[in-house]
Amino acid sequence: MEKKVLITGVAGFLGSHLAKELLNEGNFVIGLDNFSTGKRSNLQGLLDNNRFFFKELDVCSSYLLDDPDVQHVQEIYHLASPASPKYYQAFPFETIQVNTIGTKNMLELAKRHQAKMVFTSTSEAYGDPEVHPQPETYRGNVNTWGPRACYDEAKRLGEVFCYEYFKRYNTKVKVARIFNTYSAGLANDDGRVISNFVTQALKGEDITVYGDGTQTRSFCYVSDTIHGLKLLMEKDGANGEIMNIGNPVEYSIIELANLVKKLTSSTSSITFHPLPEDDPKVRRPSIIKAKIILGWAPSITLTEGLQKTIQEYKVKLNLIN
Ligand code: NAD
Ligand code: UDP
C-alpha cells in the first residue's frame, strides 16, 4: 500500500536517490530542502511526478510543524545536513542547527502523527576510533574542539533527541549511522574522496591524497545504503535502535587512489597533501546488528561500484555521450 513519506534533504545525494525509489514503488513523497548543499538538478525526474511535492524551506523552522502540506505523514527520513567535510566546515552553525533543532522538529512531527522516523547519523559519531571495527556499542573518540566537531557532536546530540523521544513518547524512531557512501550522484565538486579521485582521474588531473594515504575507509555503494535505510524504516523491531549502515570491506586511501587510476586507465599522478586536522585514521563498520535485525548486508563491491560511478561521471563530464 502506498505511503505518505517526508524526506528532508531531498535535493542532496542520498535524498534524491531515496525519493526516486520511493516514487517508483508508488508512494507519495514530500521533499524538503533549502539548497544549502543540494542541487536543483537533483530534482530533475522528480518534479514532473505528480506524487512528488517539493517545498523549499529550512527544516529548523518551527512553522513547519503546522504546515498543512506535511500533516499526516507516515514516514519521515530526516537526511537534511551538510555531509561533506568541505561543506560542514564552511557552514558549522547551520550544521549544528539542522542536526539538533531540525531533528527535534522532525521528531515532534513524528510524535504528532505517530509516524515512523529514520534519522541519518554518521560513522563520525565514533570520531577517530580506538575500537576497530566499530560496533554500535562503541562510544567513540570525538574531539569537541576541532573542525569536525560541528558535524560529529551535532549528530551525536541529534541521536540524544531521538533517544529521548523514543523513551518518553515511544516515538517510532531509528538511527542509521551511515558509513562513507558513494556513486556518481555525488556532485563532482562535493569534495568527498571518491568524487574527487574519479573526477581528477578522468580529467587527467593530479589525484590528491591527503596525508600518506594509510588512513582507511569502508565504501558503500548508494543502492546498498538506500536499501538498508528502507529496511530500517520498515522494521518495527528496530524502533529505538542505532544501526550501522555501511560496507565492512576496508581500503586505505592510497589503495583507493590506485584502484581508481587503474579502472579509469588514467595517466594522472598521485600527489600527497597535508592531512586535515582530526581526520580519522581508520573506519570500518561492524554490521552484525543490521544483519540480524534487518537481514541486510551490502552486495556491491568497491570495484563494481567504482565501475558504475566512472561510467556515469564520464557522461556527466561530457567525456562520452
Ligand atoms: P548532501 O549534502 O548531498 O545532502 C544534504 C541535503 O540537505 C542537501 O540537499 C542540503 O541542501 C539539505 N539541507 C541541509 N541543511 C538543510 C536545512 N536546514 N533545511 C533543509 N534542507 C537542508 O548529503 P548526503 O550525502 O545526501 O547526506 C544525507 C544525510 O546522510 C546527511 O544527514 C548526512 O550527514 C548523512 N550521511 C551521509 C553519508 C554519506 O556518505 N553520503 C555518510 C554519513 C552520514
Ligand atoms: N581524502 C583524500 N583526498 C581527497 C579527499 C579526501 O585523501 O581529495 C581523504 C580524507 O582525508 C579522508 C578520506 O579521504 O581520510 C575520506 O574523506 P571524505 O571527505 O570522503 O570523508 P570522511 O570520511 O573524511 O568524512
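When reading the values below, keep in mind they use all heavy atoms of this one structure, side chains included, and skip hydrogens, waters and symmetry mates. The structure displayed is predicted, hence computed values, not measured ones. Just so you know, ligand 1 is whichever comes first in the structure, and atom 1 is the first atom listed for that ligand.
- Contact check on Arg177 versus Glu159 returns a salt bridge, with a Lys/Arg side-chain nitrogen under 4.0 Å from an Asp/Glu carboxylate oxygen.
- Less than 4.0 angstrom separates some heavy atom of Val59 from each of these atoms of ligand 1: 17 (C), 18 (N), 19 (N), 20 (C).
- Around atom 36 (N) of ligand 1, the closest heavy atom drawn from Tyr77, Phe219, Phe179, Tyr151 belongs to Tyr151.
- For the pair Arg40 and Phe35, the cation sits on the ring face: its NZ or CZ lies under 6.0 Å from the ring centre, inside 45° of the axis.
- With respect to the salt-bridge test (charged N to carboxylate O, under 4.0 angstrom), the residues Lys281 and Asp128 qualify.
- A donor and an acceptor atom, one from each side chain of Asn99 and Lys155, are located under 3.5 Å apart.
- Looking at Leu14, Asn105, Leu64, Thr181 and measuring to atom 37 (C) of ligand 1, the nearest heavy atom belongs to Leu14.
- Taken to the nearest 0.5 Å, the OG1 atom of Thr199 stands 9.5 Å off from the CG atom of Asp190.
- Residue Thr122 has at least one heavy-atom neighbour below 4.0 Å for each of these atoms of ligand 1: 43 (C), 44 (C).
- For the residue pair Lys174 and Asn239, a side-chain donor N or O sits within less than 3.5 Å of a side-chain acceptor on the partner.
- When each atom of ligand 1 is checked for a heavy atom of Asn180 under 4.0 Å away, the hits are 40 (O).
- Within the structure, the closest approach of Thr225 to ligand 1 does not fall below 4.0 Å when heavy atoms are considered.
- Note that the CD atom of Glu255 and the OG1 atom of Thr214 stand 10.5 Å from one another [nearest 0.5 Å].
- Under a 4.0 Å heavy-atom criterion, Tyr87 is not in contact with ligand 1.
- Near Gly38, the atoms of ligand 1 lying under 4.0 angstrom from a non-hydrogen atom of the residue are 8 (C), 9 (O), 10 (C), 11 (O).
- Ligand 1 has at least one atom lying under 4.0 Å from a heavy atom of Lys155.
- Taking every non-hydrogen atom of Phe35 and a distance limit under 4.0 Å, the qualifying atoms of ligand 1 come out as 11 (O).
- Nearest residue to atom 1 (P) of ligand 1 from Ile101, Val10, Thr37 is Thr37 (criterion: closest heavy atom).
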Glu241 vs Lys289, salt bridge (Lys or Arg N to Asp or Glu O under 4.0 Å): CA-CA, chis, key distance, verdict: CA-CA 10 Å; Glu241 296 287 341; Lys289 193 169 173 183; 2.7 Å; yes
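- Proximity to Val98 (heavy-atom distance under 4.0 Å) selects the following atoms of ligand 1: 15 (N), 16 (C), 17 (C), 18 (N).
- Paired with Leu64 under the rule side chain to side chain contact (heavy atoms under 4.5 Å, CB included), one option of Leu57, Asp58, Thr8 passes, and it is Leu57.
- Of the listed residues (Asn244, Asn141, Asp152), just one forms a side-chain hydrogen bond (donor to acceptor under 3.5 Å, both in side chains) with Tyr126, and that residue is Asn244.
- A donor-acceptor contact closer than 3.5 angstrom is absent between the side chains of Ser183 and Glu312.
- Not a single heavy atom of Gly102 sits less than 4.0 Å from an atom of ligand 1.
- For the pair Leu186 and ligand 1, the shortest N or O to N or O distance does not fall below 3.5 Å.
- Between Tyr151 and Gln89, the side chains place no donor N or O within less than 3.5 Å of an acceptor N or O (distance only, hydrogens not considered).
- At least one heavy atom of Ser121 sits less than 4.0 Å from an atom of ligand 1.
- The residue from Gly9, Ser81, Gly15, Ala80 that puts a heavy atom closest to atom 5 (C) of ligand 1 is Ser81.
- Checking Gln200 against Ser268 by side-chain atom types alone, no donor-acceptor pair falls below 3.5 Å.
- The protein non-hydrogen atom at the shortest distance from atom 14 (C) of ligand 1 is Ser36 OG, 3.2 Å.
- Residue contacts with ligand 1 do not include Glu94, since none of its heavy atoms lies under 4.0 Å from the ligand.
- Here's the thing with Asp58: one of its N/O atoms is less than 3.5 angstrom from an N/O atom of ligand 1.
- Close contacts between ligand 1 and Leu57 involve ligand atoms 19 (N), 20 (C) [criterion: under 4.0 Å to a heavy atom].
- Ligand 2 lies under 4.0 Å from heavy atoms of Pro85, Glu124, Arg148, Asn180, Gly191, Arg192, Val193, Asn196, Phe197, Thr208, Val209, Tyr210, Gln215, Arg217, Ile253, Pro276, Asp279, Arg283.
- A heavy-atom separation below 4.0 Å is found between Asp33 and ligand 1.
- Comparing Gly12, Gly158, Ala187 against atom 4 (O) of ligand 1, the shortest heavy-atom distance belongs to Gly12.
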